[in-house]
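None of the values given here were measured: they were computed from a predicted structure.
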Amino acid sequence: MNEEWVSQTVAELQAALPAYADRALLAQLQVILAEQQHRLDLAAAELDGRAWSKRNW
């Protein structure tokens with residue numbers, strides 16, 4: 001997923017929508033997407049660490 005594009009697109013939608021509820025939903029979506037990306041990064045690092053661990057060979 002291209003995080004930068006998604007973040008920019010959500011920010012543009014957030015600026016364009018007049019309703020507070022819609023903007024709040026998109027703000028929370030930004031938080032969720034950032035957390036999801038953080039978890040993906042952690043999982044990738046864990047996988048890399050396990051692959052190089054001699055104890056798991």
Legend entry - Listed once per pair and sorted, the salt bridge (charged side-chain N to carboxylate O under 4.0 Å, His left out) pairs that draw on residues 26-43, sequence neighbours left out: E35-R39
Inset, instruction - Start with the C-alpha gap between L26 and D22, add the side-chain angles, then the distance that decides, and say whether side chain to side chain contact (heavy atoms under 4.5 Å, CB included) holds. - result: CA-CA 6 Å; L26 290 174; D22 295 334; 5.5 Å; no
Legend entry - Reported OG1-to-CD distance for the pair T9 and Q14, which is rounded to 0.5 angstrom: 12.5 Å
Inset, instruction - Could you check if a side-chain atom of Q37 sits within less than 4.5 angstrom of a side-chain atom of L33, using non-hydrogen atoms only? - result: no
Inset, instruction - Could you tell me whether the side chain of R50 reaches within less than 4.5 Å of the side chain of E46, counting heavy atoms only? - result: yes
Inset, instruction - State, yes or no, whether a side-chain contact exists between Q28 and L25 at a heavy-atom distance under 4.5 Å. - result: no
Legend entry - W52-L47 co-clustered via ILVMFWY side chain contacts under 4.5 Å: no
Legend entry - Q30 side chain to S7 backbone, donor-acceptor under 3.5 Å: yes
Inset, instruction - With rounding to the nearest 0.5 Å, note down the distance linking CG in L29 to CG in L13. - result: 9.5 Å
Inset, instruction - May I ask you to decide if A15's main-chain N or O and R23's side chain share a donor-acceptor pair within less than 3.5 Å? - result: no
